[in-house]
Amino acid sequence: MANVLGIVGGGLLGLGCGRLISERFQKTLMMACAVAVMFLGLTGTVKEMLAVGADGKILLVGTNCMLASLIGGALLGEAINIEDRMEKFGIWLRQKTGSSGDTRFVDGFVTASLTVCIGAMAVIGSINDRLLSDPSVLFAKTVLDAVIVMIMTSTLGKGCIFSALSVGIFQGTIFLLAGFLESVMTPAALKSLSAVGNILIFCVGTNLFGLPHVRVANLLPALVIAVVWVL
């Protein structure tokens with residue numbers, strides 16, 4: 001609940017700021033947000049995939065898992081067509097909220113949803129909250145998400161605020177399934193999930209930057225494959 005409220009609060013603050021700044025400033029903020037998201041994704045991936053060998057040399061680990069996860073995830077995601085389903089849900093939300101004139105609503109909803117849902121913190125935080133009564137990870141994620149959504153909302157509009165629904169559904173599901181997931185989420189599985197998840201976050205950043213569009217939602221099954229790979 002705290003994570004949902006944090007996103008809504010950050011989004012409302014960003015919405016107010018967005019109305020006060022010119023289009024030129026909004027474009028610069030968008031580029032800054034894109035760089036920040038790309039940097040977070042890149043550093044998170046590097047942290048998980050680089051290791052120091054016994055001889056002191058830096059090694060790249062988990063490449064087979066990464067390739068299998070992304071390729072397999074792309075095939076499954078395209079078959080299910082997750083991104084189109086998210087966009088249709090975004091269009092439905094736009095109509096129900098009386099935002100039909102907001103051309104950025106769906107893009108904002110999908111982009112923000114992917115940014116705040118992908119990553120190990122959502123999984124670890126929900127499991128710790130359910131099984132250990134320890135919400136500290138989710139509280140830390142709440143602060144990060146509030147800042148990210150605030151910046152995104154100032155440039156992409158109020159569609160970003162509704163990413164709170166995505167977080168509520170995603171983390172709520174993990175919370176309810178925590179008893180099963182606890183045995184599955186070994187340290188190796190979390191490491192693999194984090195590495196692949198951060199690659200997807202990097203892709204979200206490239207989309208924000210205006211580079212050739214990556215259908216990130218259709219890569220989400222890669223997260224499941226990344227966990228299964230190391231079990």
Side-chain angles (χ1 to χ4, degrees), residues 3 33-77 82 111-129 131-132 134-145 147-148 166-167 170-171 173-175 177-178 180-209 211 214-231:
N3 207 171
C33 187
V35 171
V37 173
M38 289 170 68
F39 180 79
L40 288 172
L42 182 61
T43 54
T45 302
V46 169
K47 182 181 71 174
E48 301 298 346
M49 294 191 66
L50 289 186
V52 179
D55 56 358
K57 293 183 179 180
I58 297 177
L59 305 174
L60 185 64
V61 299
T63 53
N64 289 337
C65 174
M66 181 263 294
L67 289 171
S69 297
L70 292 177
I71 294 172
L75 292 173
L76 287 173
I82 301 172
T111 301
S113 293
L114 291 172
T115 304
V116 297
C117 286
I118 297 173
M121 286 185 77
V123 177
I124 298 170
S126 299
I127 291 175
N128 285 356
D129 190 21
L131 300 179
L132 305 177
D134 177 13
S136 58
V137 175
L138 286 183
F139 285 155
K141 183 177 182 294
T142 295
V143 175
L144 292 173
D145 288 351
V147 174
I148 290 171
S166 303
V167 164
F170 180 69
Q171 292 181 181
T173 302
I174 295 174
F175 181 86
L177 296 176
F180 169 74
L181 293 175
E182 183 187 26
S183 60
V184 176
M185 289 300 170
T186 62
L190 287 171
K191 184 179 180 68
S192 180
L193 171 69
S194 181
V196 175
N198 278 294
I199 291 174
L200 300 190
I201 290 175
F202 177 84
C203 292
V204 171
T206 65
N207 287 344
L208 288 171
F209 212 79
L211 297 176
V214 179
R215 292 166 62 85
V216 180
N218 283 356
L219 294 177
L220 288 177
L223 299 175
V224 178
I225 297 175
V227 172
V228 173
W229 183 272
V230 297
L231 293 181

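Residue numbers start at 1 and run along the sequence shown.
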**Report entry** Donor-acceptor pair between N3 and Q171 side chains, under 3.5 angstrom
**Finding:** yes
Query raised in the report: Are the side chain of T45 and the backbone of I199 linked by a donor-acceptor contact shorter than 3.5 Å?
Result: yes
Query - Side-chain donor or acceptor of N218 paired with backbone N/O of I82 under 3.5 Å - result: yes
So which heavy atom on [X] is nearest to which on [Y], and how close?
{"X": "A226", "Y": "S192", "value": "O-OG, 2.7 Å"}
{"X": "A222", "Y": "S69", "value": "CB-O, 3.1 Å"}
{"X": "C117", "Y": "F170", "value": "O-CE2, 3.3 Å"}

Query raised in the report: Where do L200 and V214 land on the side chain to side chain contact (heavy atoms under 4.5 Å, CB included) test, with the steps shown first?
Result: CA-CA 9 Å; L200 300 190; V214 179; over 6 Å; no
At what distance, to the nearest 0.5 angstrom, does [atom1] of [X] lie from [atom2] of [Y]?
{"X": "I71", "Y": "L219", "atom1": "CD1", "atom2": "CG", "value": "11.0 Å"}
{"X": "M49", "Y": "L59", "atom1": "CE", "atom2": "CG", "value": "12.0 Å"}
{"X": "L220", "Y": "R215", "atom1": "CG", "atom2": "CZ", "value": "11.5 Å"}
{"X": "L190", "Y": "E48", "atom1": "CG", "atom2": "CD", "value": "9.0 Å"}
{"X": "T43", "Y": "F202", "atom1": "OG1", "atom2": "CZ", "value": "10.5 Å"}

Requested in this report: Show the numbers, then the answer: is there a side chain to side chain contact (heavy atoms under 4.5 Å, CB included) between L60 and L50?
Outcome: CA-CA 5 Å; L60 185 64; L50 289 186; 3.9 Å; yes
Query - Test side chain to side chain donor-acceptor pair (under 3.5 Å) applied to S113 - qualifying residues, sequence neighbours left out - result: S166
Query raised in the report: For T111, what residues pass the side chain to side chain donor-acceptor pair (under 3.5 Å) criterion, not counting sequence neighbours?
Result: D107
**Report entry** Steps toward side chain to side chain contact (heavy atoms under 4.5 Å, CB included) verdict (L76, I225)
**Finding:** CA-CA 10 Å; L76 287 173; I225 297 175; 4.1 Å; yes
Requested in this report: Might you confirm whether atom CG of L67 has over 12 heavy atoms from other residues, nucleotides or ligands at distances under 6.0 Å?
Outcome: yes
